[in-house]
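Notes for the one structure printed next.
Protein chains get the first letters and strands the later ones, always in sequence-line order, with residue 1 at the start of each. Note that the structure is predicted; figures quoted are calculated from it, not measured.
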Amino acid sequence: MIALIDCNSFYASCEQVFRPELKNKPVVVLSNNDGCIIAANKEAKALVHIPMFEPVFKIKNILDANKVTCFSSNYTLYSDMSRRVMDTLQQFSPLVEEYSIDESFVDLSHYDSSELRQIGLEIKSTILRHTGIPVGVGIAKTKVLAKMANKFAKKMTCGTAVYVVDSEERRQSLLRSAKPKDIWGIGKKHALRLEKAGCKNALDFTNLEVAWARKEMTVIGERLWRELNNSPCLDLKTQTDPKKGIGTAKSFGYKLEDFGLIEEACSYYVAEVADLLRQQKSAASQIEVFLTTNYHSEFDNQYHNKIILSLDQPTNSTITLTQIALKGLRRIYRPGYRYKKVGVNLFHLVPDGTIQLGLFEQSKKSEDKGLTKTIDLLNSKFGKNKIKLATVGNREKQWALIKEHRSPRYTTQWEELLTVGKPNDK
DNA sequence: TCTGGGGTCCTAGGACCC
DNA sequence: TCTGGGGTCCTAGGACCC
């Protein structure tokens, strides 16, 4: 049996842990640039139907009128809280798949099926005690059923947020309660197809021929069909594969025309992705740079372009990658537009250290490896970007993301630790 | 005025190879 | 008139997820 543990409105819950006065109060968390709503706790959801990714400005009145507390996203805090939740799960099973920042699949096959409900409750209460984060637990024979049981558990108003699919009746009532679009792995397109085929709920889907699922929804559909019918097709992935591409693309806080500023933002992002690349001990053979205006704007002239540059030799050096990226940026930049976003993607990643040279190439004598290592060391000791390339500049305020409501990084920065007691006691 | 960012998996079709 | 059969690798685009 497999459990799916999912944190309740995770980002909002993280914020509430350190602001106990917000307990039972509506809280939302905003995307980068404070643009959209990306998480809302149940109190906030009860006030107003908030579609995910709703632009804030459209419902600002409602938020203000109801005194909803808004937070800018604070990923440093959320990642650290996530790690604490995941560490706690290890107590219950050695086989854990971290599916996303706020959910994990856990193998429970070493428990007797009669204990599973109790184990589910224990997982829930232990995580709450260790981290302050409330979770829901779904337990079933397959991943898809566990995922859906989890959702079901959270929906039950009177329940304990733990649902175990341990009988055929429970499986059927679970599936009957889920509309096609609520099936994990079924998006808009497939939901429409299912409805056309006469499915009113997930149970109807499992009663179609498996061949239909295969034909209409490829092998993914067939796996889903089988998983819902209690036959496991998706393995637990307990080891994370190295990423196949690493990229970043963030909107500017403001619209930019000045090439110099865009260049600085681009350099900053290259440094970020190169850092991630070195952390997973890979090197990239290709770099893509893209530049775009704000496609929502009706007033601005639009321009989008990208360029992909191949490297003669895979590298993870920030210096080399920056040189090439900026060369690309220069080629796609056109003056006279108000740009909103620049992005960098690294592709064709290979393990660092086993880099294949071209037939007529000589190894570039470890490039600037020593220098890079020293810079990484200094930055890990004294803080991100203490040492950086001059191309990153010092004008971050003129392009960086807007985060007006960011909470302190309570768990990772000494200066931002939570203070308990009267302010004057310091 | 203001609209996120980072991923995975699968398939069809092109371009090759022997 | 008649034009094989078995592959691999790569990419773009679709669909989906958090």
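Within the 4.0 angstrom heavy-atom criterion, only backbone atoms of the sugar-phosphate kind lie near A/K188; the bases stay farther away. Using a 4.0 Å heavy-atom criterion, one finds that A/E54 contacts no nucleic acid atom at all. If you check every strand for non-hydrogen atoms under 4.0 Å, A/L30 touches nothing.
The pair A/K306-A/E288 meets the salt-bridge criterion, since a charged nitrogen lies less than 4.0 angstrom from a carboxylate oxygen. For the pair A/R83 and A/D80, the salt-bridge criterion is met [side-chain N within less than 4.0 Å of a carboxylate O]. Electrostatic pairing of A/E227 and A/K147 does not count as a salt bridge here, judged by no charged N lying under 4.0 Å from a carboxylate O.
Closest to the A/D102 side chain, of the nucleotides C/dC18, B/dG4, B/dT1, is C/dC18. Comparing B/dC9, C/dC18, B/dG4 by their closest approach to the side chain of A/K237 singles out B/dC9.
For the pair A/N345 and A/Y295, nearest-nucleotide mapping onto DNA chain B gives the more 5' position to A/Y295. For the pair A/E272 and A/F57, both in contact range of DNA chain B, the more 5′-proximal nearest nucleotide belongs to A/F57.
Paired runs in DNA chain C that reach 3 or more consecutive Watson-Crick or G-U pairs, where each pair keeps both distances under 3.5 Å, cover B:5-18 with C:5-18.
In A/K403, the NZ atom is crowded: over 12 heavy atoms of neighbouring residues, nucleotides or ligands sit closer than 6.0 Å. The local environment of CG in A/N394 is sparse, with at most 12 non-hydrogen atoms from other residues, nucleotides or ligands closer than 6.0 Å.
Side-chain N/O atoms of A/K341 include one lying less than 4.0 angstrom from OP1 or OP2 on B/dG5. At least one side-chain nitrogen or oxygen of A/H348 sits closer than 4.0 Å to the OP1 or OP2 atom of C/dT11. An OP1 or OP2 oxygen of B/dT1 is reached within less than 4.0 angstrom by no side-chain nitrogen or oxygen of A/K340.
Ring to ring, A/F92 and A/Y111 are not that close: their centroids are 6.0 angstrom or more apart.
The aromatic rings of A/Y337 and A/Y303 sit parallel to each other, their planes meeting at less than 30°, with 60° as the upper class boundary. Taking the six-membered ring where tryptophan is involved, the planes of A/W399 and A/Y268 are perpendicular, since the angle between them exceeds 60° and thus also 30°.
Nucleotides B/dT3 and C/dC18 have their P atoms positioned 25 Å apart, rounded to a whole Å.
Spacing between atom CG of A/D235 and atom C1' of B/dC9 amounts to 15 Å, rounded to whole angstrom units. Look at OH on A/Y269: it is 9 Å from P on B/dG6, rounded to the nearest Å. Between the CD1 atom of A/I186 and the P atom of C/dA15 there is a distance of 13 Å, given to the nearest Å.
Checking A/D300 against A/T293 by side-chain atom types alone, no donor-acceptor pair falls below 3.5 Å.
Residues from residues 246-257 of chain A lying near DNA chain B, meaning a heavy-atom separation below 4.0 Å, are A/G247, A/T248, A/A249, A/K250, A/S251, A/K255 in numerical order.
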